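Residue numbers begin at 1 in each chain, while the letters A, B, ... track the order of the sequences. Remember, it's a predicted structure, so these values are computed and weren't measured experimentally.
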Amino acid sequence: MSDHPDYDRLSALRADINRHNYAYYVNNESTITDADYDALMRELQHIESDHPEWVSADSPTQRVGAKPDKGFVTVSHPVPMLSLDNAFSDDDLQDFDRRVSERLATFAPDIVETPNTQDLFSDHASVDNSITYCAEPKLDGLAVSLIYENGQLVRAATRGDGATGEDITLNARTLNTIPLSLMGSGWPAFLEVRGEVYMPLAGFDALNNSQREKGEKAYINPRNAASGALRQLDPALTRARPLEFCCYAVGQVTGGTLPKSHWGILDTLGRWGFKTNPETRLVKGSAGCAQYFAQLGEKRAQLPYDIDGVVFKVDDMGLQARLGFVSRAPRWAIAQKFPAQEQTTQLLAVDFQVGRTGAITPVARLAPVFVGGVTVSNATLHNQDEIERLGVGIGDQVIIRRAGDVIPQIVKVATPATPHVPIEFPLDCPICHSSLERVVGEALVRCTAGLYCAAQRKEGLKHFVSRKAMNIDGLGDKLIDTLVDQGLVNGFSDLFRLSKDDLLALERLGEKSADNLLQALEHCKETTFAKFLYSLGIREVGVATARNVAQYFGDLESLYAASIDQLLSVPDVGPIVAEHLFGFLQEQHNQEQIAALLSLGVHWLAPVAATGQPLVGQTWVVTGKLETMTREAAEARLRDKGAQVAGSVSKKTTQVVAGPGAGSKLKKATALEIPVGDEAWLIAFLASLDTDAGI
DNA sequence: CTACCTCGAGCTCA
DNA sequence: CTCGAGGTAG
């Protein structure tokens, strides 16, 4: 480090600015005038421009970086970001509390004794033995994971599907409530902080006012505005949005320890520079939870941000560990949602959609109504039984509910229209007018025309070209509609018979689009047996089943030759799936379609006999960050060699590959004495396999 | 189910 | 500028 006097000044400036930032953005206190603050910033910028070698990523001047020319990169979470179970009533909450207590009592009767914590809602805290929960508002924003290595923010990612999300580091850095380097001391070498990025209501209103002044469109709700802001490609634009980050948990932690209670952890995170929610409280038992929920519900309208419920977590981390997880959610936490918002609107009409399998679904067309943050104008009515249950008719005023779980539903009729106009379920297919059948035991009605029905053809084609199937780029819904409507495409194989002239004749489809599409069609011909099977859209055959079937039979000839019994011996294939598969393959039309596709050049490489692969029967785990390839790529290469790739380490694991940042998995591997290699080792190992194979 | 962002391409008008 | 396609989020 330099002992240059300017350097001392620079360090002092950064510390000062960070302190003022923290006070202002995290604690909502002004500790300096704007003018003085600007002066400090200018002075810092001045020193940094004189000494560019001193500029570091955690300097307050470095919040806005250059705009990346690529989109966002997917990254995996060191520990999956799980979702929470939902409670919709105090009863649900009582059940939750009972499950927690019982489970803890079963395993260790004495552990239920609660730690000595302050209690805000119960007078007899000292005598009861109910569980202590940490209660906090559930902010309505986006879940984000922040990784700090040695106190420096190194990565921010969206939640994504829980296992992998998008790298939004550059955008996250622009939030003043996200520390670039942690304050204080004592933080673990590797710390993952989780929380919510959200837009406070005041900022949202201001943003929308300025949008309107600029003649641009206003955002519909704070959550969407926050979501949009975060996935802005240019960090400067994100910077201009009033976003905040509020932490609520930690993910992976290595190289240090944290307090033994959730409350303590939040408190500690607060001291390291994070914003924590001021409404957070400790409560006891389901009664305490219910009381907190009721009180926050009353306060909700006054809060400066949107919330959609309350989260209760068992406060004691030791108890959390004992409770563990069920599938995708922790047993020690629950989210209680506020009652779903409801609105009344008019049922204008009911359309009947025909799905890929011919299923007829009634869809309610509603007078647009704003409910739960979005404008709802469609809602599914599921089936005839549902229509009868509701007793709903055209023109009725109906109550729409949009629960937190996204899908709007018609709850009931508010005011029936007079006279009642019944919803007539069609007697034949609304598209092709073939007859309908209702399978006994099913609520569904189906069009019997199969591929003779234009709607089913369209849906089948949409499935065929979709990403997980043949993955044909540039063939969207609209184009498929036109192609089928114009009679240019009927079966799958017709796609490959399209000429450039056919395409150029279509509206809004020029030279470039036509070329791109033809190229995509050519490109997709090389596929895999599994994807091909999936693409065909056989009932009940999804990605997983297709893969199993493909692996089991290896090639089309064997599959064609298979009896029902043989189909049944494929993993995860039961009598129903076997029947569908068998029926599909027997049908002459399908055989012709498959033959046509193959003759037009669709092909796949014969899988190298599984037994011939070097890693067959081995289970590998890849963890941590890799430098020269993505983790997914590494896993794919291992699978190519016949290995099973698992997400977690167990006794059965053969080999672990660990990059920097590996945590619990690495620890477990060491504990179980499973061999561990790093990336360089992996590359060398894969290379050795290839040379061996070549000899 | 709806809303948002990004991208490439086509259309329109100067 | 507008459109369609593709992706994300809850």
Query raised in the report: Could you state the CG-P distance from A:Asp140 to B:dT2, rounded to the nearest angstrom?
Result: 18 Å
Requested in this report: Could you state the atom-to-atom distance from CG of A:Leu207 to P of B:dC4 in whole Å?
Outcome: 11 Å
Requested in this report: Please tell me if the side chains of A:Val445 and A:Asn383 come closer than 4.5 Å, counting only heavy atoms from C-beta onward.
Outcome: no
Query - A:Glu192 and A:Ser145: side chain donor to acceptor below 3.5 Å - result: yes
**Report entry** Nucleotide of B:dA3, B:dC11, B:dT2 approaching A:Ser377 most closely (side-chain heavy atoms)
**Finding:** B:dT2
Query raised in the report: Rounded to the nearest Å, what distance is computed from the CG atom of residue A:Leu503 to the P atom of nucleotide C:dG4?
Result: 17 Å
Query raised in the report: Tell me: CD1 of A:Ile220 to P of B:dC1, nearest whole Å?
Result: 18 Å
Report task. Using a cut-off of strictly less than 4.0 Å, decide whether A:Asn516 has a side-chain nitrogen or oxygen near OP1 or OP2 of B:dA9. Result -> yes
Query raised in the report: When all nucleic acid strands are considered with a 4.0 Å heavy-atom cut-off, which category describes A:Ala143: base, sugar-phosphate, or nothing?
Result: sugar-phosphate
**Report entry** A:Leu180 side, atom CG; A:Leu146 side, atom CG - distance, nearest 0.5 Å
**Finding:** 10.5 Å
Report summary line: Closest of B:dA9, B:dT2, B:dC4 to the A:Asn224 side chain is B:dC4
Query raised in the report: Below 4.0 angstrom from OP1 or OP2 of C:dG7, is there any side-chain N or O of A:Arg467?
Result: yes
Query raised in the report: How would you label the contact of A:Gly141 with the nucleic acid (heavy atoms, under 4.0 Å): base, sugar-phosphate, or nothing?
Result: sugar-phosphate
Report task. Using a heavy-atom cut-off of under 4.0 Å over every strand shown, decide if A:Gly71 touches base, sugar-phosphate, or nothing. Result -> nothing
**Report entry** From B:dT2, B:dA9, C:dA9, nucleotide with atom closest to A:Thr158 side chain
**Finding:** C:dA9
Report summary line: The correct set of residues in residues 473-492 of chain A placing a heavy atom under 4.0 Å from DNA chain C is A:Asp473, A:Gly474, A:Leu475, A:Gly476, A:Asp477, A:Lys478, A:Leu479
Which atoms of nucleotides 12-14 of chain B (N or O only) lie under 3.5 Å from a protein N or O atom, and what are those distances?
none

Query raised in the report: To the side chain of A:Lys512, which of B:dA9, B:dC4, C:dT8 is closest?
Result: B:dA9
Query - Whether A:His262 side chain and A:Val314 backbone form a donor-acceptor pair below 3.5 Å - result: no
Query raised in the report: Can you tell me if CD on A:Gln519 sees more than 12 non-hydrogen neighbours from other groups inside 6.0 Å?
Result: no
Query raised in the report: Considering only heavy atoms from C-beta outward, does the side chain of A:Tyr25 approach that of A:Glu244 to under 4.5 Å?
Result: no
Query raised in the report: Is any side-chain heavy atom of A:Tyr248 less than 4.5 Å from a side-chain heavy atom of A:Arg194?
Result: yes
Query raised in the report: Ring centres of A:Phe204 and A:Tyr305 under 6.0 Å apart?
Result: no
Query raised in the report: Got a donor-acceptor contact below 3.5 angstrom from the A:His523 side chain to the A:Ile472 backbone?
Result: no
**Report entry** Distance, rounded to the nearest Å, where A:Leu366 contributes CG and B:dT2 contributes C1'
**Finding:** 14 Å
**Report entry** Interface residues of residues 229-238 of chain A with DNA chain B (non-hydrogen, below 4.0 angstrom)
**Finding:** A:Arg231, A:Gln232, A:Leu233
Report summary line: Rounded to whole Å, CG of A:Asn171 lies from C1' of B:dT6 at a distance of 13 Å
Query raised in the report: Within the side chain of A:Gln211, is there an N or O that forms a donor-acceptor pair under 3.5 Å with the backbone of A:Lys217?
Result: yes
**Report entry** Among B:dA3, B:dG10, C:dT8, the nucleotide that comes nearest once only the side chain of A:Glu166 is considered
**Finding:** C:dT8
Report task. Measure across A:Thr375 and A:Pro368 and return the closest heavy-atom pair with its distance rounded to 0.1 Å. Result -> CG2-CB, 3.7 Å
Report summary line: Testing C:dG10, C:dT2, B:dC4 for proximity to the side chain of A:Arg508, the answer is C:dT2
Query raised in the report: With sugar-phosphate meaning primed atoms plus P, OP1 and OP2, does A:Tyr219 contact a base, only sugar-phosphate, or nothing at under 4.0 Å between heavy atoms?
Result: sugar-phosphate
Requested in this report: Please determine which of A:Val369, A:Val376, A:Leu366, A:Val374 meets the side-chain contact (heavy atoms from CB on, under 4.5 Å) test together with A:Pro408.
Outcome: A:Val376
Query raised in the report: Please give, in whole Å, the distance from C:dA9 C1' to A:Lys138 NZ?
Result: 12 Å
Query raised in the report: Does OP1 or OP2 of B:dA3 have a side-chain N or O of A:Thr375 closer than 4.0 Å?
Result: yes
**Report entry** Between C:dA5 (C1') and A:Leu509 (CG): distance, integer Å
**Finding:** 12 Å
Query raised in the report: Is the phosphate of C:dG10, meaning OP1 or OP2, less than 4.0 Å from a side-chain N or O of A:Ser227?
Result: no
Query raised in the report: Measuring from A:Asp92:CG to A:Gln336:CD, what's the distance to the nearest 0.5 Å?
Result: 7.5 Å
Requested in this report: Between A:Glu511 and A:Asn378, name the one whose nearest nucleotide on DNA chain B is closer to the 5' end.
Outcome: A:Asn378
